[in-house]
Amino acid sequence: MSNLLGGLPTQEPDKIIGLMHQFAADPRPQKIDLGVGVYRTEDGKTPIMRAVKEAERRLLDQQDTKGYVALSGDPAFRAAMADLVLGPDLPADLVAALATPGGTGAVRQGLELAVRANADATVWLSAPTWPNHWSIAEAMGLPVRVYRYYDSATGQLDQSGMMADLDGARAGDIVLLHGCCHNPTGADLASQDWQSLSDLCVRRGLIPLVDLAYQGLGKGVAEDVAGLRQMSTALPEMLIAASGSKSFGLYRERVGVLLAICANPSAKQRTAETMDWLNRLNYAFPPDHGARLVTMILSDPDLRQAWESELSGMRNRLHQLRLALVQALRDETGGTDFDFIASQQGMFSLLGATPEQVVTLRETHGVYMVGDSRINVAGLTEMTIPIAAHAIAAVL
Ligand code: LMR
(Lines give C-alpha, C1' and ligand atoms only; values in the text may rest on other atoms or scores of the structure.)
Protein backbone atom coordinates (compact mmCIF):
# COMPACT_ATOMS: atom_id res chain seq x y z
CA MET A 1 0.00 0.00 0.00
CA SER A 2 1.45 3.36 -0.93
CA ASN A 3 1.83 6.17 1.56
CA LEU A 4 3.32 8.84 -0.65
CA LEU A 5 1.34 11.63 0.92
CA GLY A 6 2.48 10.58 4.37
CA GLY A 7 6.01 11.26 3.18
CA LEU A 8 5.34 14.91 2.50
CA PRO A 9 7.63 17.21 4.45
CA THR A 10 6.01 19.23 7.21
CA GLN A 11 4.79 22.59 5.94
CA GLU A 12 5.30 25.69 8.06
CA PRO A 13 2.14 27.82 7.89
CA ASP A 14 2.36 31.28 6.35
CA LYS A 15 3.45 33.66 9.13
CA ILE A 16 0.41 35.90 8.86
CA ILE A 17 -2.20 33.17 8.43
CA GLY A 18 -0.63 31.09 11.22
CA LEU A 19 -0.93 34.11 13.51
CA MET A 20 -4.57 34.60 12.51
CA HIS A 21 -5.38 31.06 13.71
CA GLN A 22 -3.32 31.51 16.87
CA PHE A 23 -5.30 34.65 17.70
CA ALA A 24 -8.62 32.90 17.08
CA ALA A 25 -7.61 30.11 19.48
CA ASP A 26 -6.53 32.49 22.28
CA PRO A 27 -9.26 32.45 24.96
CA ARG A 28 -8.22 35.75 26.62
CA PRO A 29 -11.08 38.26 26.16
CA GLN A 30 -8.79 41.30 26.27
CA LYS A 31 -6.53 40.10 23.40
CA ILE A 32 -5.83 42.66 20.66
CA ASP A 33 -5.42 41.61 17.00
CA LEU A 34 -2.90 43.73 15.12
CA GLY A 35 -1.96 40.78 12.89
CA VAL A 36 -3.65 39.94 9.61
CA GLY A 37 -4.19 42.93 7.33
CA VAL A 38 -7.94 43.32 7.19
CA TYR A 39 -9.80 46.55 7.81
CA ARG A 40 -11.84 46.72 11.02
CA THR A 41 -14.37 49.17 12.39
CA GLU A 42 -14.40 50.56 15.91
CA ASP A 43 -16.40 47.51 17.03
CA GLY A 44 -13.88 45.10 15.57
CA LYS A 45 -15.91 44.07 12.50
CA THR A 46 -14.73 43.76 8.92
CA PRO A 47 -17.81 45.26 7.29
CA ILE A 48 -19.41 44.59 3.93
CA MET A 49 -19.27 48.01 2.30
CA ARG A 50 -22.67 49.66 1.66
CA ALA A 51 -22.10 49.85 -2.10
CA VAL A 52 -21.21 46.15 -2.16
CA LYS A 53 -24.39 45.22 -0.27
CA GLU A 54 -26.50 47.27 -2.67
CA ALA A 55 -24.74 45.83 -5.74
CA GLU A 56 -25.36 42.33 -4.35
CA ARG A 57 -29.08 43.09 -3.96
CA ARG A 58 -29.27 44.28 -7.56
CA LEU A 59 -27.26 41.34 -8.82
CA LEU A 60 -29.54 38.88 -7.06
CA ASP A 61 -32.51 40.44 -8.86
CA GLN A 62 -30.92 40.88 -12.26
CA GLN A 63 -28.56 37.98 -12.82
CA ASP A 64 -30.17 35.22 -14.87
CA THR A 65 -27.26 32.91 -15.65
CA LYS A 66 -24.10 31.58 -14.12
CA GLY A 67 -22.75 30.45 -17.47
CA TYR A 68 -19.06 30.88 -18.25
CA VAL A 69 -17.93 34.29 -19.46
CA ALA A 70 -14.32 34.30 -20.70
CA LEU A 71 -11.00 32.87 -19.57
CA SER A 72 -9.71 36.38 -18.93
CA GLY A 73 -12.88 37.36 -17.05
CA ASP A 74 -15.72 39.73 -17.90
CA PRO A 75 -14.52 42.41 -20.37
CA ALA A 76 -16.47 45.09 -18.46
CA PHE A 77 -14.63 44.18 -15.24
CA ARG A 78 -11.26 44.29 -16.95
CA ALA A 79 -12.02 47.66 -18.51
CA ALA A 80 -13.36 49.10 -15.24
CA MET A 81 -10.27 47.98 -13.30
CA ALA A 82 -7.87 49.19 -15.98
CA ASP A 83 -9.57 52.57 -15.80
CA LEU A 84 -9.56 52.66 -11.98
CA VAL A 85 -5.87 51.83 -11.82
CA LEU A 86 -4.38 53.39 -14.94
CA GLY A 87 -6.85 56.17 -15.75
CA PRO A 88 -8.14 56.91 -19.24
CA ASP A 89 -4.88 57.97 -20.90
CA LEU A 90 -3.24 54.67 -21.92
CA PRO A 91 -4.55 53.33 -25.24
CA ALA A 92 -6.58 50.13 -24.73
CA ASP A 93 -4.62 48.35 -27.46
CA LEU A 94 -1.52 48.47 -25.26
CA VAL A 95 -3.08 47.08 -22.08
CA ALA A 96 -3.87 43.40 -21.62
CA ALA A 97 -6.00 42.57 -18.57
CA LEU A 98 -6.71 39.28 -16.83
CA ALA A 99 -9.19 38.64 -14.02
CA THR A 100 -7.59 36.54 -11.28
CA PRO A 101 -8.54 35.08 -7.90
CA GLY A 102 -7.51 38.06 -5.77
CA GLY A 103 -4.42 40.22 -5.95
CA THR A 104 -2.34 37.21 -4.95
CA GLY A 105 -3.56 35.38 -8.04
CA ALA A 106 -2.54 38.39 -10.10
CA VAL A 107 0.95 38.45 -8.57
CA ARG A 108 1.35 34.76 -9.32
CA GLN A 109 0.07 35.09 -12.89
CA GLY A 110 2.24 38.19 -13.38
CA LEU A 111 5.34 36.24 -12.41
CA GLU A 112 4.26 33.29 -14.57
CA LEU A 113 3.85 35.65 -17.51
CA ALA A 114 7.17 37.39 -16.91
CA VAL A 115 9.18 34.18 -16.73
CA ARG A 116 7.54 32.88 -19.88
CA ALA A 117 8.81 36.02 -21.59
CA ASN A 118 12.26 35.77 -19.98
CA ALA A 119 13.24 32.45 -18.43
CA ASP A 120 16.39 34.01 -16.94
CA ALA A 121 14.59 36.68 -14.95
CA THR A 122 15.55 37.35 -11.36
CA VAL A 123 12.81 38.71 -9.11
CA TRP A 124 13.82 41.66 -6.95
CA LEU A 125 11.89 42.00 -3.69
CA SER A 126 11.94 44.93 -1.32
CA ALA A 127 13.55 44.36 2.07
CA PRO A 128 11.20 43.81 3.77
CA THR A 129 8.14 42.73 1.82
CA TRP A 130 4.91 40.75 2.24
CA PRO A 131 6.04 37.18 3.12
CA ASN A 132 3.87 35.65 0.39
CA HIS A 133 5.96 37.41 -2.29
CA TRP A 134 8.83 35.24 -1.10
CA SER A 135 6.69 32.11 -0.89
CA ILE A 136 5.36 32.50 -4.44
CA ALA A 137 8.72 33.30 -6.03
CA GLU A 138 10.43 30.45 -4.20
CA ALA A 139 7.66 27.95 -5.01
CA MET A 140 8.13 28.87 -8.67
CA GLY A 141 11.87 28.25 -8.32
CA LEU A 142 12.73 31.80 -9.36
CA PRO A 143 16.01 33.40 -8.42
CA VAL A 144 15.26 36.13 -5.87
CA ARG A 145 17.33 39.12 -4.84
CA VAL A 146 16.44 41.86 -2.43
CA TYR A 147 16.78 45.58 -2.72
CA ARG A 148 17.07 47.92 0.24
CA TYR A 149 13.81 49.73 0.82
CA TYR A 150 13.21 50.79 4.39
CA ASP A 151 15.32 52.94 6.65
CA SER A 152 14.37 51.91 10.18
CA ALA A 153 16.18 54.93 11.63
CA THR A 154 13.77 57.35 9.94
CA GLY A 155 10.77 55.11 9.32
CA GLN A 156 10.95 56.21 5.68
CA LEU A 157 12.11 54.96 2.32
CA ASP A 158 15.83 54.23 1.88
CA GLN A 159 15.82 55.83 -1.54
CA SER A 160 19.54 55.77 -2.22
CA GLY A 161 19.82 52.13 -1.05
CA MET A 162 16.95 51.12 -3.32
CA MET A 163 18.42 52.87 -6.33
CA ALA A 164 21.92 51.53 -5.73
CA ASP A 165 20.70 47.93 -5.39
CA LEU A 166 18.39 48.02 -8.40
CA ASP A 167 21.18 49.51 -10.46
CA GLY A 168 22.71 46.04 -10.19
CA ALA A 169 19.68 44.34 -11.82
CA ARG A 170 19.96 42.90 -15.34
CA ALA A 171 17.80 43.70 -18.34
CA GLY A 172 14.60 41.63 -18.18
CA ASP A 173 14.66 41.29 -14.38
CA ILE A 174 11.39 41.83 -12.52
CA VAL A 175 11.18 44.45 -9.80
CA LEU A 176 8.31 43.81 -7.44
CA LEU A 177 7.04 47.14 -6.11
CA HIS A 178 4.15 48.11 -3.83
CA GLY A 179 1.81 50.63 -5.47
CA CYS A 180 0.94 52.33 -2.18
CA CYS A 181 0.66 51.57 1.56
CA HIS A 182 3.80 49.41 1.51
CA ASN A 183 3.31 46.11 3.30
CA PRO A 184 4.80 45.81 5.96
CA THR A 185 6.42 49.24 6.43
CA GLY A 186 3.78 51.83 5.47
CA ALA A 187 6.65 53.82 3.88
CA ASP A 188 5.79 54.84 0.32
CA LEU A 189 7.61 56.27 -2.67
CA ALA A 190 7.12 60.00 -3.26
CA SER A 191 6.45 61.28 -6.76
CA GLN A 192 10.13 62.05 -7.41
CA ASP A 193 11.07 58.53 -6.25
CA TRP A 194 8.70 57.01 -8.82
CA GLN A 195 10.30 59.25 -11.41
CA SER A 196 13.88 58.21 -10.55
CA LEU A 197 12.84 54.57 -10.41
CA SER A 198 11.12 54.83 -13.81
CA ASP A 199 14.29 56.34 -15.28
CA LEU A 200 16.35 53.51 -13.81
CA CYS A 201 13.95 50.84 -15.14
CA VAL A 202 14.13 52.38 -18.62
CA ARG A 203 17.91 52.67 -18.49
CA ARG A 204 18.43 49.10 -17.30
CA GLY A 205 15.51 47.44 -19.12
CA LEU A 206 13.77 46.27 -15.93
CA ILE A 207 10.13 45.17 -15.75
CA PRO A 208 8.22 46.46 -12.73
CA LEU A 209 5.49 44.28 -11.26
CA VAL A 210 3.48 46.58 -9.02
CA ASP A 211 1.42 44.92 -6.31
CA LEU A 212 -1.51 47.28 -5.71
CA ALA A 213 -3.54 45.97 -2.78
CA TYR A 214 -4.55 49.15 -0.95
CA GLN A 215 -5.73 51.71 -3.51
CA GLY A 216 -7.75 54.36 -1.70
CA LEU A 217 -6.48 53.52 1.78
CA GLY A 218 -3.37 55.72 1.63
CA LYS A 219 -3.96 59.25 0.37
CA GLY A 220 -6.90 58.83 -2.00
CA VAL A 221 -8.20 56.70 -4.87
CA ALA A 222 -6.37 58.74 -7.53
CA GLU A 223 -3.47 59.87 -5.33
CA ASP A 224 -2.52 56.27 -4.48
CA VAL A 225 -1.95 55.38 -8.13
CA ALA A 226 -0.33 58.64 -9.23
CA GLY A 227 3.16 57.11 -8.98
CA LEU A 228 2.39 53.96 -10.91
CA ARG A 229 0.50 55.96 -13.54
CA GLN A 230 3.57 58.15 -13.94
CA MET A 231 5.63 54.99 -14.40
CA SER A 232 3.11 53.46 -16.81
CA THR A 233 3.53 56.31 -19.26
CA ALA A 234 7.33 56.33 -19.01
CA LEU A 235 7.98 52.60 -19.53
CA PRO A 236 7.28 50.47 -22.58
CA GLU A 237 6.38 47.43 -20.45
CA MET A 238 5.02 47.07 -16.96
CA LEU A 239 2.84 44.69 -14.94
CA ILE A 240 0.33 45.58 -12.24
CA ALA A 241 -1.42 43.16 -9.87
CA ALA A 242 -4.45 44.93 -8.42
CA SER A 243 -6.67 43.58 -5.66
CA GLY A 244 -10.29 44.17 -4.71
CA SER A 245 -9.86 42.65 -1.26
CA LYS A 246 -9.12 45.73 0.80
CA SER A 247 -10.34 48.59 -1.39
CA PHE A 248 -13.78 46.98 -1.79
CA GLY A 249 -13.74 44.83 1.36
CA LEU A 250 -14.28 41.77 -0.86
CA TYR A 251 -11.57 39.64 0.74
CA ARG A 252 -13.05 36.15 0.49
CA GLU A 253 -14.65 36.78 -2.90
CA ARG A 254 -11.16 36.89 -4.45
CA VAL A 255 -11.25 39.86 -6.80
CA GLY A 256 -8.06 40.66 -8.67
CA VAL A 257 -6.74 41.75 -12.01
CA LEU A 258 -3.40 41.52 -13.74
CA LEU A 259 -2.71 44.45 -16.08
CA ALA A 260 0.11 44.17 -18.58
CA ILE A 261 1.22 47.30 -20.38
CA CYS A 262 2.80 46.28 -23.66
CA ALA A 263 5.11 48.01 -26.10
CA ASN A 264 2.80 47.72 -29.13
CA PRO A 265 -0.58 46.23 -30.14
CA SER A 266 0.87 42.97 -31.46
CA ALA A 267 2.76 42.41 -28.19
CA LYS A 268 -0.52 43.09 -26.38
CA GLN A 269 -2.22 40.45 -28.50
CA ARG A 270 0.39 37.81 -27.69
CA THR A 271 0.41 38.77 -24.02
CA ALA A 272 -3.38 38.48 -23.79
CA GLU A 273 -3.26 35.02 -25.40
CA THR A 274 -0.65 33.86 -22.91
CA MET A 275 -2.61 35.33 -20.01
CA ASP A 276 -5.78 33.50 -21.10
CA TRP A 277 -3.78 30.30 -21.24
CA LEU A 278 -2.34 30.86 -17.76
CA ASN A 279 -5.86 31.09 -16.34
CA ARG A 280 -6.96 28.06 -18.34
CA LEU A 281 -4.25 25.76 -17.09
CA ASN A 282 -4.47 26.85 -13.46
CA TYR A 283 -8.21 27.08 -12.76
CA ALA A 284 -9.86 27.60 -16.15
CA PHE A 285 -12.17 30.55 -15.44
CA PRO A 286 -11.57 33.23 -12.78
CA PRO A 287 -14.16 33.89 -10.04
CA ASP A 288 -16.94 36.18 -11.22
CA HIS A 289 -19.20 37.22 -8.34
CA GLY A 290 -16.94 39.79 -6.65
CA ALA A 291 -15.64 41.05 -9.98
CA ARG A 292 -19.22 41.70 -11.11
CA LEU A 293 -19.94 43.69 -7.95
CA VAL A 294 -16.85 45.81 -8.53
CA THR A 295 -17.91 46.46 -12.12
CA MET A 296 -21.38 47.54 -10.98
CA ILE A 297 -19.93 49.85 -8.34
CA LEU A 298 -17.43 51.46 -10.68
CA SER A 299 -19.92 51.99 -13.48
CA ASP A 300 -22.97 53.23 -11.53
CA PRO A 301 -22.56 56.87 -10.37
CA ASP A 302 -24.56 56.37 -7.13
CA LEU A 303 -22.79 53.17 -6.13
CA ARG A 304 -19.44 54.66 -7.00
CA GLN A 305 -20.11 57.72 -4.93
CA ALA A 306 -21.20 55.56 -1.97
CA TRP A 307 -18.07 53.42 -2.33
CA GLU A 308 -15.70 56.36 -2.55
CA SER A 309 -17.25 58.05 0.44
CA GLU A 310 -17.09 54.92 2.62
CA LEU A 311 -13.52 54.28 1.49
CA SER A 312 -12.59 57.81 2.36
CA GLY A 313 -14.09 57.28 5.84
CA MET A 314 -11.93 54.18 6.24
CA ARG A 315 -8.84 56.04 5.10
CA ASN A 316 -9.50 58.90 7.50
CA ARG A 317 -10.06 56.47 10.32
CA LEU A 318 -6.70 54.82 9.65
CA HIS A 319 -5.04 58.20 9.75
CA GLN A 320 -6.79 59.15 13.02
CA LEU A 321 -5.77 55.83 14.56
CA ARG A 322 -2.16 56.51 13.61
CA LEU A 323 -2.28 59.94 15.25
CA ALA A 324 -3.94 58.57 18.39
CA LEU A 325 -1.41 55.73 18.68
CA VAL A 326 1.51 58.14 18.33
CA GLN A 327 0.00 60.37 21.04
CA ALA A 328 -0.58 57.40 23.36
CA LEU A 329 3.01 56.21 22.81
CA ARG A 330 4.29 59.70 23.52
CA ASP A 331 2.29 59.73 26.75
CA GLU A 332 3.61 56.31 27.76
CA THR A 333 7.27 56.79 26.81
CA GLY A 334 7.70 60.54 27.27
CA GLY A 335 9.52 60.53 23.92
CA THR A 336 8.93 60.79 20.21
CA ASP A 337 10.47 57.48 19.07
CA PHE A 338 7.23 56.30 17.47
CA ASP A 339 6.26 59.53 15.73
CA PHE A 340 7.23 57.99 12.37
CA ILE A 341 3.96 55.98 12.51
CA ALA A 342 1.97 59.15 11.82
CA SER A 343 3.77 59.86 8.56
CA GLN A 344 3.20 56.41 7.06
CA GLN A 345 0.35 55.22 4.85
CA GLY A 346 -2.24 52.49 4.91
CA MET A 347 -2.72 49.71 7.40
CA PHE A 348 0.80 48.80 8.40
CA SER A 349 3.82 50.03 10.34
CA LEU A 350 6.84 48.25 11.75
CA LEU A 351 7.34 48.93 15.45
CA GLY A 352 10.99 47.93 15.36
CA ALA A 353 10.61 45.27 18.10
CA THR A 354 12.79 42.15 18.21
CA PRO A 355 11.15 38.74 17.59
CA GLU A 356 11.47 38.03 21.34
CA GLN A 357 9.69 41.27 22.20
CA VAL A 358 6.93 40.36 19.74
CA VAL A 359 6.49 37.05 21.56
CA THR A 360 6.35 38.82 24.95
CA LEU A 361 3.77 41.26 23.64
CA ARG A 362 1.67 38.34 22.49
CA GLU A 363 2.11 35.95 25.39
CA THR A 364 2.19 38.38 28.31
CA HIS A 365 0.03 41.21 27.02
CA GLY A 366 -2.24 39.52 24.44
CA VAL A 367 -1.13 42.00 21.75
CA TYR A 368 -0.76 40.14 18.46
CA MET A 369 1.45 41.38 15.63
CA VAL A 370 3.48 39.71 12.87
CA GLY A 371 6.93 38.44 13.90
CA ASP A 372 8.77 41.32 12.23
CA SER A 373 6.72 43.62 14.55
CA ARG A 374 4.31 44.68 11.80
CA ILE A 375 1.12 46.11 13.27
CA ASN A 376 -2.18 46.45 11.46
CA VAL A 377 -3.28 49.91 12.57
CA ALA A 378 -6.87 49.07 11.57
CA GLY A 379 -6.96 46.50 14.37
CA LEU A 380 -6.81 49.29 16.97
CA THR A 381 -9.78 51.08 18.52
CA GLU A 382 -10.13 54.12 20.75
CA MET A 383 -10.45 51.74 23.68
CA THR A 384 -7.51 49.48 22.85
CA ILE A 385 -5.00 52.17 21.85
CA PRO A 386 -3.99 53.03 25.45
CA ILE A 387 -3.77 49.33 26.34
CA ALA A 388 -1.61 48.50 23.30
CA ALA A 389 0.56 51.60 23.83
CA HIS A 390 1.10 50.67 27.47
CA ALA A 391 2.15 47.13 26.51
CA ILE A 392 4.44 48.36 23.72
CA ALA A 393 6.12 50.88 25.99
CA ALA A 394 6.57 48.24 28.71
CA VAL A 395 8.16 45.70 26.37
CA LEU A 396 10.19 47.91 24.03
C1 LMR B 1 -1.71 40.82 5.13
O2 LMR B 1 -0.64 41.21 4.68
O3 LMR B 1 -1.91 40.61 6.33
C4 LMR B 1 -2.88 40.63 4.19
O5 LMR B 1 -2.48 40.95 2.90
C6 LMR B 1 -3.51 39.30 4.31
C7 LMR B 1 -2.67 38.19 3.76
O8 LMR B 1 -3.19 37.43 2.94
O9 LMR B 1 -1.51 38.06 4.13
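Just the heavy atoms: all of them, side chains too, but no hydrogens, waters or symmetry mates, feed the values below. As the structure lists them, so they are numbered: ligands from 1, and atoms in each ligand from 1. Nothing fancy with the numbering, it's 1 onward along the sequence.
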Can you sort out which atoms of ligand 1 are near [X], meaning under 4.0 Å from one of its heavy atoms?
| X | value |
| --- | --- |
| Tyr214 | 5 (O) |
| Val36 | 3 (O), 6 (C) |
| Ile16 | 1 (C), 2 (O), 3 (O), 9 (O) |

Side chain, backbone, both or neither: which applies to Arg374 and ligand 1 if a contact is any heavy-atom pair less than 4.0 Å apart? side chain
Which bit of Asn183 gets closer than 4.0 Å to ligand 1, counting heavy atoms only: side chain, backbone, both or neither? side chain
Residues [X], [Y]: salt bridge by 4.0 Å N-O rule:
| X | Y | result |
| --- | --- | --- |
| Lys219 | Asp188 | no |
| Asp33 | Arg40 | yes |
| Asp339 | Arg330 | yes |

Decide if the gap between the ring center of His182 and the ring center of Tyr149 is smaller than 6.0 angstrom. yes
Checking side-chain contact (heavy atoms from CB on, under 4.5 Å) for the pair Arg58/Asp300: CA distance, chi angles, key distance, verdict? CA-CA 12 Å; Arg58 294 185 193 176; Asp300 178 292; 2.9 Å; yes
[X] near ligand 1 by a heavy-atom separation under 4.0 Å:
| X | result |
| --- | --- |
| Met347 | no |
| Asn132 | no |
| Tyr251 | no |

For atom 5 (O) of ligand 1, what is the closest protein heavy atom, and at what distance to 0.1 Å? Lys246 NZ, 2.8 Å
Protein contact to atom 9 (O) of ligand 1 [nearest heavy atom, distance to 0.1 Å]: Trp130 NE1, 2.9 Å
State whether the number of non-hydrogen atoms from other residues, nucleotides or ligands found under 6.0 Å of Arg145 atom CZ is greater than 12. no
Val115 and Leu142: side-chain contact (heavy atoms from CB on, under 4.5 Å), yes or no, with the steps? CA-CA 9 Å; Val115 296; Leu142 303 178; 3.3 Å; yes
